[in-house]
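Worksheet: one structure, shown below.
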Amino acid sequence: MPLPYNKRTCYCGQVGRQHIGQSVLLCGWVAIRRDHGGMVFIDLRDREGLVQLKFNPETDPKAHEAAGRLRSEYCVAVRGDVSPRPAGLENPNLATGAIEVNVREIDILSGSETPRFPVEDEINVKDETRLEYRFLDLRRPVMQKALITRHKAVKLIRDYFNENGFIEIETPFLTKSTPEGARDFLVPSRKQPGSFFALPQSPQLFKQLLMMSGFDKYMQIVRCFRDEDSRKDRQPEFTQLDVEMSFVQMDDVLNVAEGYLVRVWKEVLGVDLPRPFPRMSYQQAMAEYGIDRPDTRYDLRIKDVTAICARTDFKVFSGAVAAGGVVRCIRVPGGADMSQSEIEKADTSLQAILRGIGAGGLPYVKVAGAQGSGFGVQGLGFGVQGSAGVSPGATAVPAVPSAENTAHRAVAQPGSVGVPPAQPGSVGVAPAFKTGVAKFFSPELTAELCAATGAQPGDAIFFAADKEDAVCKYLARLREEVARRRNLIPQGKWNFLWVVDFPLLEHHAEDNRYYAVHHPFTAPMDEDVHFLDSEPLKARAKAYDVVVNGTELAGGSIRIHRDDVQSKIFKLLSLSPQEAELKFGFLLKALRHGPPPHGGFAMGVDRMVMLLNGLESLLDTFAFPKTAEGYCPLTQAPSEVDEKQLTECHVRTVLPKR
RNA sequence: GGGGCCGUAGCUCAAUUGGUUCAGAGCGCCGCCCUGUCACGGCGGAGGUUGCGGGUUCGAGCCCCGUCGGCCUCGCCA
């Protein structure tokens, strides 16, 4: 009689001491077989974990004989008695390691080809192979955990928003192409020859319409589509939590978003996030971190030294300033121990990386003197300690270690290389720069730069001189690179913050027009509305982003609810009334029918799950992701279709010329 | 769309300057043996059109061209 596998008593991973003496019925997959000729052990795996099965030829010869036929990934049902393992034979590495199941009966429900790769957490297999055999890949415990965490987070979304009065409403996938933003995925219309639907990049316009429909508090967990190249943090289809609320101010929206994040971090990770999240202006983020999604877990903040560097004879500096650019720098505490190779010679040097994103080079200086003095870093075994850093009255250099110095005490670099021996006697004299562009700094400028940056002997200072946006880009990248290389990123920290005060518009020189920084429906700050007529770039938006450890997790805005303001924005965006009517006519029409003030946000669910799972790659948060080329090795999509299908939807393909 | 790297056994990789142990290793797999393993162990064995197509050469895994696929990166993308 076959085993009643539908009467499973519990999951493999849940068998424990409480089952000792009981009979259990388990279903799962063979993780491994250890066959001793006599005794046979099988690790049986299901989504909750592993348990050891024991097959004894003397007590259960029939089951033992079947066990000999088992191979990896066979699917089986077993009935057996749970017993404690003999003393000294417990396996502390296994949650179920205190017990084992003495199998009385076994049914082999199905066999398996030899798996293409082992079904275990630590594997060294190309992504492509994992994706082709995704059903096996997903059996791995880490993947099961990742998707279960995703389920928990998504369930919490529905719980939280339901409890707060939100209504989940679905919006169309077959919708209208929108001109702004990313490239659309298109779907040909069979009924309207020559016309196309677009898959939504987000339900932005629909959720605004729902506000105008009176639904007050809307949410949706929704798939979005963008036909752009994938990256490891980007997939062509992804999931957003989409939220919109009426009769709210910015703070109300931020509160709702924070409330959810605090809850999910608490319930999934057991982490208490402090509320409210700190806020940082876009201007501060760009000035100090060079990027609108600052990672505040480490310092290395950017300092503007344009005024000082403009007075050097270094043409890169003076030239950039003369051209209206800026000179900014990052001080790396203890950075004098970085080798020339690491900074500018090797293929993977900091300079090489910056050149890769368009920088001309990487000017730098090292501050001469005892390495590590002033902030307790000990290099090369020299006993120069913090207090010896700068003796009082020696120079104009501030002797007080700044907060950022303190922040790095815990992350001193062991094993520094390529640093000339420090002379204890040199501390306390005027600071001097060495190497790099040191020769362009007179003693006076050296002192000023040290004062401005808080530089101490043993530090390194890296510069970027160019147009402001370029400098930000270079130094943001440098900051991240240095922090990673020097292990300055503390683990286990969750630095949530709101970035606010975004500009409403940006100007692109190429086509000499304005673009919406967020999107065209974002409201300007009330006090900045008048700038729209005079200096549009000065207008700030009622927009906000949630940033966690340098990752943008969510973003949103208060929307324009007056059609006269909306029309003004369209005009600034060089959208003629006719074009605006053609593209967004339905929204403008709705805006003429009593729209409520409203705003909301959207959150990247996949990214959130990646963070919650501590993963590096988005791939592991999707059950069935695509490769960087947008290909699915499992289903082999996309694929060609029958000529008949093309004819039916009035499409002819024109392949690129070879 | 641009640039770079890569493709050899089921998996991960090696193979000097193009040459005579150049088709190899580890893991996995198959068979036999093994009663306390949990990285089980021992002995033996099978397994490759070097992604595909073309070219250069006396000779190509290696060099050249094309193509397919993968990864990284810039652009693009909130």
Side-chain angles (χ1 to χ4, degrees), chain A residues 31-44 50-59 64 68 71-73 83 85-94 96-97 100 102 112-120 122-133 136 180-184 201-202 204 224-236 238 240 292-293 347-348 352-359 473 477 499 502 515-519 522 543-547 551-557 601-604 607 617 619 626-631 633 636 656 658:
Chain A
I32 195 170
R33 179 176 61 120
R34 292 181 293 277
D35 187 342
H36 291 263
M39 201 87 84
V40 173
F41 297 98
I42 300 282
D43 285 347
L44 194 67
L50 289 178
V51 69
Q52 174 164 286
L53 308 180
K54 189 178 81 176
F55 296 82
N56 188 328
E58 291 170 2
T59 58
H64 178 265
R71 296 293 182 274
S72 291
E73 301 311 314
S83 64
R85 294 201 190 183
L89 292 172
E90 299 91 350
N91 186 346
N93 301 319
L94 209 56
T96 59
E100 60 193 0
N102 305 283
S112 171
E113 291 180 11
T114 299
R116 195 54 81 92
F117 49 83
V119 177
E120 58 196 31
E122 298 295 325
I123 57 171
N124 179 18
V125 181
K126 282 193 283 281
D127 284 347
E128 192 187 0
T129 307
R130 289 179 52 201
L131 294 187
E132 187 184 344
Y133 288 84
L136 285 182
E180 304 271 331
R183 194 178 294 118
D184 287 321
Q201 297 178 26
S202 81
Q204 181 61 39
C224 302
F225 306 86
R226 291 180 188 154
D227 189 7
E228 299 291 349
D229 290 358
S230 299
R231 287 287 160 75
K232 59 173 176 275
D233 63 346
R234 200 198 299 170
Q235 281 274 307
F238 58 98
Q240 276 192 350
D292 58 1
R293 43 181 180 85
D347 290 347
T348 57
I353 286 170
L354 290 200
R355 283 188 194 279
I357 57 173
K473 179 176 159 186
R477 181 60 185 272
V499 175
F502 283 87
Y515 283 84
V517 169
H518 192 69
H519 59 54
T522 299
Y544 33 82
D545 280 354
V546 180
V547 174
T551 296
E552 185 199 321
L553 185 56
S557 62
F601 68 92
M603 190 168 78
R607 270 187 198 175
S617 167
L619 284 190
K626 293 178 175 60
T627 68
E629 290 299 313
Y631 175 74
Q636 302 185 321
R658 291 254 128 77

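Values reported hereafter were calculated over all heavy atoms of this structure, with side chains retained and with hydrogens, waters and symmetry mates removed. Residue numbers begin at 1 in each chain, while the letters A, B, ... track the order of the sequences.
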Practice task
With heavy atoms under 4.0 Å as the rule, sort Phe41(A) into base, sugar-phosphate or nothing.
Solution key: base

Practice task
Could you tell me whether Glu100(A) contacts a base, only the sugar-phosphate backbone, or nothing, with contacts defined as non-hydrogen atoms closer than 4.0 Å?
Solution key: base

Practice task
Please state the P separation for the pair C22(B) and G66(B) - nearest whole angstrom.
Solution key: 32 Å

Problem - Whole-angstrom distance between U56(B) and A15(B), as gauged at atom P - result: 28 Å

Practice task
Classify the nucleic acid contact of Pro86(A) as base, sugar-phosphate or nothing, counting any heavy atom under 4.0 Å across all strands shown.
Solution key: base

Completion exercise
The side chain to side chain donor-acceptor pair (under 3.5 Å) partners of Asp292(A) (sequence neighbours excluded) come to none

Practice task
Write down the distance between CG (Leu53(A)) and P (U37(B)), rounded to a whole number of angstrom.
Solution key: 17 Å

Exercise for the section: Indicate yes or no: at least one non-hydrogen side-chain atom of Met603(A) is less than 4.5 angstrom from one of Val546(A). Expected result: no

Exercise for the section: Look at Arg85(A) together with Glu90(A) and state whether they make a salt bridge at an N to O cut-off of under 4.0 Å. Expected result: no

Practice task
Rounded off to whole Å, could you give me the CD-to-C1' distance for the Glu73(A) and C11(B) pair?
Solution key: 15 Å

Practice task
Quote, to the nearest angstrom, the C1' distance that separates C27(B) from C71(B).
Solution key: 24 Å

Practice task
Could you grab the distance from atom CG of Leu44(A) to atom OG1 of Thr96(A), nearest 0.5 Å is fine?
Solution key: 10.0 Å

Handout entry: Separation of U37(B) C1' from Leu50(A) CG (nearest whole Å)
Key = 14 Å

Problem - Distance (rounded to the nearest 0.5 Å) between Asn91(A) CG and Leu94(A) CG - result: 5.0 Å

Fill in the blank from the handout: Side-chain atoms of Asp292(A) come closest, of A78(B), G36(B), C30(B), to A78(B)

Exercise for the section: Could you walk me through whether Gln240(A) and Arg607(A) pass side chain to side chain donor-acceptor pair (under 3.5 Å), step by step? Expected result: CA-CA 9 Å; Gln240(A) 276 192 350; Arg607(A) 270 187 198 175; over 6 Å; no

Exercise for the section: Take Arg231(A) and Asp233(A) through the test salt bridge (Lys or Arg N to Asp or Glu O under 4.0 Å) and record every step on the way to the result. Expected result: CA-CA 5 Å; Arg231(A) 287 287 160 75; Asp233(A) 63 346; over 6 Å; no

Handout entry: Side-chain N or O of Arg226(A) closer than 4.0 Å to phosphate OP1/OP2 of C77(B)
Key = no

Practice task
Tell me which nucleotide among A78(B), U12(B), C29(B) gets nearest to the side chain of Thr114(A).
Solution key: C29(B)

Exercise for the section: Test Val40(A) against every option in Arg33(A), Lys54(A), Arg34(A) by the side chain to side chain contact (heavy atoms under 4.5 Å, CB included) rule and name the one that passes. Expected result: Arg33(A)

Handout entry: For C30(B), the Watson-Crick or wobble partner whose two distances fall under 3.5 Å
Key = G44(B)

Handout entry: Distance (rounded to the nearest 0.5 Å) between Leu53(A) CG and Phe41(A) CZ
Key = 10.5 Å

Handout entry: Rounded distance in Å between the P positions of G44(B) and G70(B)
Key = 42 Å

Exercise for the section: With heavy atoms under 4.0 Å as the rule, sort Val517(A) into base, sugar-phosphate or nothing. Expected result: base

Exercise for the section: Answer yes or no: is there a side-chain heavy-atom contact under 4.5 Å between Glu100(A) and Pro86(A)? Expected result: yes

Problem - 5' precedence on RNA chain B between Pro115(A) and Ser72(A) (nearest-nucleotide basis) - result: Pro115(A)

Exercise for the section: Would you mind reading off the distance between His519(A) atom NE2 and C77(B) atom P, rounded to a whole angstrom? Expected result: 16 Å

Practice task
Quote, to the nearest angstrom, the C1' distance that separates C32(B) from C68(B).
Solution key: 44 Å

Completion exercise
Applying the 3.5 Å cut-off to both distances, the Watson-Crick or G-U partner of C5(B) turns out to be G70(B)

Completion exercise
Ile353(A) CD1 to G4(B) P, in whole Å, measures 18 Å

Handout entry: Distance between C1' atoms of G45(B) and G4(B) (Å, rounded)
Key = 43 Å

Handout entry: Nearest-angstrom distance, C1' atom, G28(B) to C11(B)
Key = 7 Å

Problem - Rounded interatomic separation in angstrom, taking CE from Met39(A) and P from C33(B) - result: 18 Å

Exercise for the section: Check the distance between C77(B)'s C1' and Arg293(A)'s CZ and give it to me in whole angstrom. Expected result: 12 Å

Under 3.5 Å, which N/O atoms of the protein pair with N/O atoms of nucleotides 38-48 of chain B?
| unit_1 | atom_1 | unit_2 | atom_2 | d |
| --- | --- | --- | --- | --- |
| C38(B) | O4' | Arg34(A) | NE | 3.1 |
| C38(B) | O2 | Gln52(A) | OE1 | 3.4 |
| C38(B) | O2 | Asn91(A) | ND2 | 3.0 |
| C38(B) | N3 | Arg85(A) | NH1 | 2.7 |
| C38(B) | N4 | Leu89(A) | O | 2.7 |
| C40(B) | N4 | Asp35(A) | O | 2.2 |

Completion exercise
B/S/- along nucleotides 69-75 of chain B (protein heavy atoms under 4.0 Å) is SSSSSBB

Practice task
Using whole Å, report how far CZ of Phe117(A) lies from P of C29(B).
Solution key: 15 Å

Handout entry: Gap between atom OG of Ser202(A) and atom CZ of Phe238(A) - 0.5 Å precision
Key = 7.5 Å

Handout entry: Inter-nucleotide P distance (U20(B), G59(B)), Å rounded
Key = 15 Å

